[in-house]
Novice: 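I'd like to ask some things about the structure below.
This structure is a prediction, so every number in the text was calculated from the model and none was measured. Just the heavy atoms: all of them, side chains too, but no hydrogens, waters or symmetry mates, feed the values below.
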Amino acid sequence: IRDRYVGWPAVFWITSPAIALALVATIRSVPENRDVEAARLDWRGTLLVFLGLLGIAYGLISAPTHGWTSPVTLGSLLGGVGALVAFLLVERRISDPLIALQIFRNPLVAGANIVTLLLYFAFNGAVLFTVLNLQQIQEYSPIEAGIAMLPPIAIITFMAAPAGTLADRLGPRLQMIGGPALVAAGIALLLTGGPDARYLVHFLPGLVVAGFGMAFVIAPLTKSALLVETRFSGSASGVNNAIARTAGLLAVAILGAMMLAAFAPRLTEMLQSSQLGAEEQVEIMVQYDRLGGIVIPESFDEPARHAARHAVRDAFIYAFRWAMGLCAALALLASVVSFITIRPEKSDPTRAA
């Protein structure tokens, strides 16, 4: 009965009680604060930004299947970029834009949103593909992989508030430079593990360091992104949240495409150097889009199964290291952006207008 009526989509019901509690708390505790001068919702901007993100995400996700030069991929990517360009042009010309672009005149706000994009891309990408590594290569069960990923979540949950208090005393600059640097260092530590990595040695240290980095930066990052005039507070909050969510979406799409692009040729190379026959190699390669989840056919004898499994594991680790290297580089770039743009003496919200 459980397998027939309750499948994996049921996991999304876990969030329902939390959403209900958040809704009740919002209704009871959050005061109304709206821009009385706003006339109407910007439906054109809403549609354009939706189509832009949809086109780019679909293009990146479909590229490994259809090819980067296929009409589907190029049409989606170009259409998405075109929609985003049109969105910016529309927002500049209408009186009631979805996003008040003048908030980005403040270098602090602009820098904070750039850091949000880079950092959340890096962290979400590292988490996603580390989970795949744990399940597909290290052979953890879904529950074991979930428990293994709890340390950074727990650190962020319990350390974000104290880190926010510290930022109030010291200003945002130090933590917004050091936090992303710690995230970069933590992700870089994930590069050290191989096909037979040990959790306590090759995963936990990196996850803990990255978790502390995110905990230190979240509060000052959010505060910096919202240092605008009161009438723009809703727009600034929406922009920052949208950028954080978009970063996760792009991480899945871009890193997924990158993993496949690195995995497939490496797998081909490993299979060709193995003792597998041509037909056996084909049976493995047709599943390349499953990454480390490739199923070894039952028709393979034991030596062939071992050779195929070795090739798959090696190719996955090779692609995983490329992906983690990119994530670490982006987190470090976020630290550099903070160093350049986040300056306490320029935190006057009136500069955003």
Novice: Using atom types as modelled and distance alone, determine if a side-chain donor or acceptor of Asn240 lies under 3.5 Å from a backbone N or O of Ala236.
Specialist: no

Novice: Do Val228 and Phe104 come within less than 4.5 Å of each other through their side chains, counting heavy atoms only?
Specialist: no

Novice: For Pro195, does its backbone N or O pair with a side-chain atom of Arg313 as donor and acceptor, under 3.5 Å?
Specialist: yes

Novice: Which word best sums up how the rings of Phe316 and Phe263 line up, parallel for under 30°, tilted for 30 to 60°, or perpendicular for over 60°?
Specialist: perpendicular

Novice: Which heavy atom of Leu332 sits nearest a heavy atom of Ala184, and at what distance?
Specialist: N-CB, 3.7 Å

Novice: How close do Arg309 and Gln136 get, counting heavy atoms only, and between which atoms?
Specialist: NH2-O, 2.6 Å

Novice: Show the nearest heavy-atom pair for residues Cys327 and Ala122, with the distance to one decimal.
Specialist: O-CB, 3.1 Å

Novice: Would a single hydrophobic cluster contain both Leu54 and Leu84, if residues Ile, Leu, Val, Met, Phe, Trp and Tyr are joined by side-chain heavy-atom contacts under 4.5 Å?
Specialist: no

Novice: Does a side-chain heavy-atom distance below 4.5 Å link Thr46 with Phe50?
Specialist: no

Novice: What's the verdict on side chain to side chain contact (heavy atoms under 4.5 Å, CB included) for Phe121 and Ile254, showing C-alpha distance, side-chain angles and the deciding distance?
Specialist: CA-CA 10 Å; Phe121 182 110; Ile254 294 175; 3.9 Å; yes

Novice: Please assess Val131 against Gln135 for the test side chain to side chain contact (heavy atoms under 4.5 Å, CB included), listing each intermediate value before the final yes or no.
Specialist: CA-CA 6 Å; Val131 170; Gln135 293 192 56; 3.3 Å; yes

Novice: Check whether any side-chain N or O of Gln275 sits under 3.5 Å from a backbone N or O of Ala304 as a donor-acceptor pair, and report yes or no.
Specialist: no

Novice: Taking side chain as C-beta onward, heavy atoms only, is Thr246 less than 4.5 Å from Leu53?
Specialist: yes

Novice: Given side chains that start at C-beta, do those of Met214 and Pro152 come closer than 4.5 Å, heavy atoms only?
Specialist: no

Novice: Is the backbone N or O of Val295 less than 3.5 Å from a side-chain atom of Gln287, with the two atoms forming a donor-acceptor pair by type?
Specialist: yes

Novice: Would you find a donor on one side and an acceptor on the other, under 3.5 Å apart, between the side chain of Glu144 and the backbone of Ser141?
Specialist: yes

Novice: Whether the side chain of Gln175 engages the backbone of Pro220 through a donor-acceptor N/O pair (distance < 3.5 Å, no angle test) should be reported.
Specialist: no

Novice: Between the main-chain N or O of Gly277 and the side-chain N or O of Glu280, is there a donor-acceptor pair closer than 3.5 Å?
Specialist: yes

Novice: Could you measure the distance from the CD1 atom of Ile19 to the OG1 atom of Thr15? Nearest 0.5 Å is fine.
Specialist: 4.0 Å

Novice: Work out which heavy atom in Ile156 is nearest to a heavy atom in Phe123; give both atom names and the distance.
Specialist: CD1-CZ, 3.9 Å

Novice: Which value, rounded to the nearest 0.5 Å, describes the distance between Leu260 atom CG and Asp289 atom CG?
Specialist: 6.5 Å

Novice: Measuring from Arg198:CZ to Asp196:CG, what's the distance to the nearest 0.5 Å?
Specialist: 10.5 Å

Novice: Less than 4.5 Å apart, side chain to side chain, heavy atoms only: is that true for Met176 and Phe339?
Specialist: no

Novice: Quick one: does Asn133's side chain have a donor or acceptor within less than 3.5 Å of a partner on Phe129's backbone?
Specialist: no

Novice: Find the distance between CD (Glu91) and CG (Leu89) and round it off to the nearest 0.5 Å.
Specialist: 10.0 Å

Novice: Which atoms form the tightest heavy-atom contact between Asn106 and Leu227, and what is the distance?
Specialist: ND2-O, 3.5 Å

Novice: I'd like to know if the side chain of Ser273 reaches the main chain of Met270, judged simply by a donor and an acceptor atom lying under 3.5 Å from each other, with no hydrogens or angles considered.
Specialist: yes

Novice: Under 3.5 Å, is there a donor-acceptor pair between the side chain of Gln138 and the main chain of Ala197?
Specialist: yes

Novice: With side chain to side chain contact (heavy atoms under 4.5 Å, CB included) as the test, would you mind laying out the steps for Ile56 and Leu249 before giving the verdict?
Specialist: CA-CA 10 Å; Ile56 291 174; Leu249 169 67; over 6 Å; no

Novice: Is it possible for you to say whether Tyr58 and Leu47 belong to one hydrophobic cluster, with membership spreading through side-chain heavy-atom contacts below 4.5 Å?
Specialist: no

Novice: Any cation-pi pair here, Arg266 with Tyr318, using under 6.0 Å and within 45°?
Specialist: yes

Novice: Quick one, Val239 and Asn113 - any side-chain contact, counting heavy atoms below 4.5 Å?
Specialist: yes

Novice: Do Met149 and Leu200 belong together in a cluster built from hydrophobic side chains that touch within less than 4.5 Å?
Specialist: yes

Novice: Side-chain contact, heavy-atom cut-off 4.5 Å: Ile296 with Ile284?
Specialist: yes

Novice: Hey, any chance Leu128 and Leu291 share a hydrophobic cluster, counting ILVMFWY side chains that come within less than 4.5 Å of each other, even indirectly?
Specialist: yes

Novice: Show the nearest heavy-atom pair for residues Met324 and Ile187, with the distance to one decimal.
Specialist: O-CG2, 3.4 Å

Novice: Heavy-atom distance under 4.5 Å between the side chains of Tyr288 and Thr268, does that happen here?
Specialist: no

Novice: Is the cationic atom of Arg44 (NZ for Lys, CZ for Arg) positioned less than 6.0 Å from the six-membered ring centroid of Phe87 and within 45 degrees of its normal?
Specialist: no

Novice: Within this structure, what is the CG-CD1 distance for the pair Leu119 and Ile114, rounded to the nearest 0.5 Å?
Specialist: 13.0 Å

Novice: Taking OH in Tyr199 as the centre, count heavy atoms belonging to other residues, nucleotides or ligands within less than 6.0 Å. Is the count above 12?
Specialist: yes

Novice: Taking atom types as modelled, find out whether Ser70 and Thr73 have a side-chain donor-acceptor pair closer than 3.5 angstrom.
Specialist: yes

Novice: Tell me whether the rings of His310 and His306 are parallel (<30°), tilted (30 to 60°) or perpendicular (>60°).
Specialist: parallel

Novice: Go through the steps for Ile218 and Tyr120 under the test side chain to side chain contact (heavy atoms under 4.5 Å, CB included), then give the verdict.
Specialist: CA-CA 10 Å; Ile218 286 175; Tyr120 277 80; 3.9 Å; yes

Novice: Which distance, rounded to the nearest 0.5 Å, do you find between the CD of Glu269 and the OG of Ser274?
Specialist: 11.5 Å

Novice: Applying a strict under-4.5 Å side-chain criterion to I, L, V, M, F, W and Y, I'd like to know whether Leu88 and Val81 cluster together.
Specialist: yes

Novice: Applying side-chain contact (heavy atoms from CB on, under 4.5 Å) between Val217 and each of Ser335, Pro180, Ser338, report the one that passes.
Specialist: Pro180

